[in-house]
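Position 1 is the first residue of the sequence; numbering continues from there.
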Amino acid sequence: MRIFFVQTRMIIIMGVSSVTKNNYKQMKIFRRNILLIGLIAFLSVNATSQNEKSSVTESESKIEKRDKRKKKKVKLPNIDLSHWKVTLPVSNDAGKPVEIEPPEILDFAKMEVAKPYMYIDSTRGAIVFHAKPTNSKTKNTKYTRSELREQIVPGENNVNWTFKQGAYMKGKLSMEATSRDSDGKYHRTIIMQIHGRLTNEQRDLIGADDNNAPPILKIYWDKGKIRVKTKVLKNLNASYEEMLHEDAWGNDKGFNFEQEVGFRKFTLEVKVSDGKMVVVLNKNEYKVYENVHMKKWGIFENYFKAGNYFQTRDEGAYSSVKFYELSVSH
């Protein structure tokens, strides 16, 4: 009996041990399944949270960009107009082209007469000069213009400069738009000039009606390129008085810069000194005039011009030139 009891006890213990081991395995599997489910749940929640954060971040970014666009600052051109007057292609009550001088020109943006022809592009930071054929023309030309004229003394045309005194003009500009002729070619316009001027004494000496003298320099936007024209003295032995007459001077053959500017921004510099004139395009192309003609030109006073002097009278034609920067020094 004792032996049976011992054996029975051992069997029971072994049975319990076997059951315990099975339960332990099941518990491990259960725990592992619980951990796996928890891990999956954690990863799912974390991914959802990340997606929500990403979505919020993207949304905030879009709002921020939209707000930045709304808060975008107004750009103004880097041009001091206190030493310029403008001629517009519209007539005043006397039938002459409207001119706006300093200090009124400083408020040109508010002037109704100027708005169609000279206005600010605040998104690009430029003054736009718009021209088209009208009945409003300056003397000695058939073309119209929306163009600035330098005034060393504001409001005064009789104070100008000579080559010997020296002068420098720099502009950053672009052709915004221009029409085409019947052959499909773009109309051209003069964008910068150096204009000659007779002193009152010179005018009286030759009996001229006004102080007008020829332009020694014309810079054209011509079919997407920059073209330069200047004057040459027809008779190098002409006297001082003879040289004062406009018909004493002829046109040279002209010069085209190699690079094409098209409708992109470009810079132009004009440097003048005694007997010498240099035109620079985009700081890497130069045209130098240093000859007897430049030396002879020293008898004249001069002033700079810049803007849009449109070179056609075709019906429906138009041109718009943008100036981002313009400065002069002497």
Side-chain angles (χ1 to χ4, degrees), residues 79-108 111 113-114 117-118 127 129 131 134 136-171 190-219 230-231 240-241 243-249 270 272 277 297-310 321 323 326-330:
I79 300 174
D80 179 7
L81 292 173
S82 59
H83 289 272
W84 298 91
K85 76 171 182 178
V86 68
T87 301
L88 301 174
V90 59
S91 298
N92 57 22
D93 293 337
K96 295 181 179 180
V98 169
E99 293 185 343
I100 307 172
E101 296 187 339
E104 288 79 15
I105 194 173
L106 301 178
D107 292 320
F108 76 91
M111 302 177 72
V113 69
Y117 307 107
M118 181 182 178
I127 296 179
F129 295 91
T134 66
S136 176
K137 306 182 293 294
T138 54
K139 192 175 181 180
N140 303 318
T141 182
K142 62 181 179 179
Y143 300 124
T144 56
R145 69 185 79 205
S146 175
E147 186 180 36
L148 296 172
R149 191 267 199 213
E150 179 192 13
Q151 290 186 322
I152 294 177
V153 177
E156 177 60 67
N157 288 337
N158 286 320
V159 181
N160 302 286
W161 49 268
T162 64
F163 271 45
K164 189 174 182 179
Q165 292 170 323
Y168 174 72
M169 176 168 62
K170 180 180 180 181
I190 297 174
I191 52 180
M192 283 185 176
Q193 294 189 75
I194 295 177
H195 215 290
R197 181 174 170 83
L198 298 171
T199 63
N200 292 339
E201 293 76 18
Q202 290 173 334
R203 177 199 64 197
D204 296 340
L205 177 63
I206 64 173
D209 295 332
D210 55 32
N211 297 82
N212 192 57
I216 185 62
L217 174 68
K218 292 180 179 179
I219 303 179
T230 188
K231 294 291 184 182
Y240 171 79
E241 185 176 341
M243 286 190 295
L244 295 176
H245 290 272
E246 186 169 355
D247 59 9
W249 298 85
V270 180
V272 171
M277 181 173 66
W297 187 263
I299 64 173
F300 292 108
E301 290 186 345
N302 307 272
Y303 53 88
F304 286 121
K305 302 193 83 175
N308 183 354
Y309 181 18
F310 200 32
V321 179
F323 272 78
L326 182 64
S327 61
V328 297
S329 59
H330 300 286

Taking side-chain hydrogen bond (donor to acceptor under 3.5 Å, both in side chains) as the definition, give me every residue that meets it alongside Glu156, ordered by chain and number, with sequence neighbours left out.
Asn158
Start with the C-alpha distance between Ile127 and Leu148, add both sets of side-chain angles, then the distance that settles side chain to side chain contact (heavy atoms under 4.5 Å, CB included), and finish with yes or no.
CA-CA 11 Å; Ile127 296 179; Leu148 296 172; 6.0 Å; no
List the atom of Met169, the atom of Lys305, and the distance in Å for their closest heavy-atom pair.
CE-O, 3.9 Å
If we only count heavy atoms from C-beta on, is the Glu301 to Gln202 side-chain gap below 4.5 Å?
no
Could you walk me through whether Met277 and Ile194 pass the side chain to side chain contact (heavy atoms under 4.5 Å, CB included) test, one step at a time?
CA-CA 10 Å; Met277 181 173 66; Ile194 295 177; 4.0 Å; yes
Got a sec, which residues hit side chain to side chain contact (heavy atoms under 4.5 Å, CB included) with Glu104, two or more places apart in sequence or on another chain?
Ile100
With Tyr117 via ring-ring contact (aromatic ring centres under 6.0 Å, His included) - residues at least two apart:
none
Check whether Ser146 reaches the backbone of Met118 with its side chain - one donor and one acceptor, N or O, closer than 3.5 Å.
no
Test side-chain hydrogen bond (donor to acceptor under 3.5 Å, both in side chains) applied to Asp107 - qualifying residues, sequence neighbours left out:
none
Where Gln165 and Asn160 come nearest, the two heavy atoms and their spacing:
OE1-O, 4.0 Å
Looking only at heavy atoms, the pair that brings Trp249 and Met243 closest together is NE1-O, 2.8 Å
Go through Trp297 and Thr230 one step at a time and tell me if the side chain to side chain contact (heavy atoms under 4.5 Å, CB included) criterion holds.
CA-CA 11 Å; Trp297 187 263; Thr230 188; over 6 Å; no
Just verifying a value: how many Å separate Arg197 CZ and Asn302 CG, rounded to the nearest 0.5 Å?
11.0 Å
Rounded to the nearest 0.5 Å, how far apart are CD of Glu101 and CG of Leu106?
12.0 Å
Please check if the distance between the ring centroids of Phe304 and Trp84 is under 6.0 Å.
no
Minimum heavy-atom separation for His83 and Ile152, please, with both atom names.
ND1-O, 2.9 Å
Shortest non-hydrogen contact from Pro102 toward Ser82
CG-O, 3.5 Å
Distance in Å, Thr134 OG1 paired with Phe310 CZ, rounded so as to fall on 0.5 Å steps
11.5 Å
Hey, could you give me each pair passing salt bridge (Lys or Arg N to Asp or Glu O under 4.0 Å) that has a residue in residues 84-97? Not counting sequence neighbours.
Lys85-Glu99
What pair of heavy atoms forms the shortest contact from Thr144 to Pro89, and how long is it?
CB-CB, 3.8 Å
Starting at OG1 of Thr162, measure out to NE2 of His330 and round the result to the nearest 0.5 Å.
10.5 Å
Compile the donor-acceptor pairs under 3.5 Å between side chains in residues 207-214 and protein atoms, sequence neighbours left out, one pair per line.
residue	atom	partner	partner atom	Å
Asp210	OD1	Asn212	N	3.0
Asp210	OD2	Lys139	NZ	3.4
Asn211	OD1	Arg203	NH1	3.4
Asn211	ND2	Leu198	O	2.9
Asn211	ND2	Asn200	OD1	3.0

Does any non-hydrogen side-chain atom of Glu241 lie less than 4.5 Å from one of Ile206?
yes
Tell me, which pairs form a ring-ring contact (aromatic ring centres under 6.0 Å, His included) where one or both residues lie in residues 190-209, sequence neighbours left out?
His195-Tyr303
List the residues meeting salt bridge (Lys or Arg N to Asp or Glu O under 4.0 Å) with Lys231, not counting sequence neighbours, and say none if there are none.
none
Mind checking whether Ile219 and Val270 have side chains closer than 4.5 Å, heavy atoms only?
yes
Tell me every residue that passes side-chain hydrogen bond (donor to acceptor under 3.5 Å, both in side chains) with Lys218, counting only those two or more places apart in sequence or in another chain.
none
Phe323: ring-ring contact (aromatic ring centres under 6.0 Å, His included) partners, not counting sequence neighbours:
Phe129
ring-ring contact (aromatic ring centres under 6.0 Å, His included) against His245, all qualifying residues, sequence neighbours excluded
none
Residues forming a side-chain hydrogen bond (donor to acceptor under 3.5 Å, both in side chains) with Tyr168, sequence neighbours excluded
Glu269
How long is the gap from CZ on Phe300 to OG1 on Thr199, to the nearest 0.5 Å?
10.0 Å
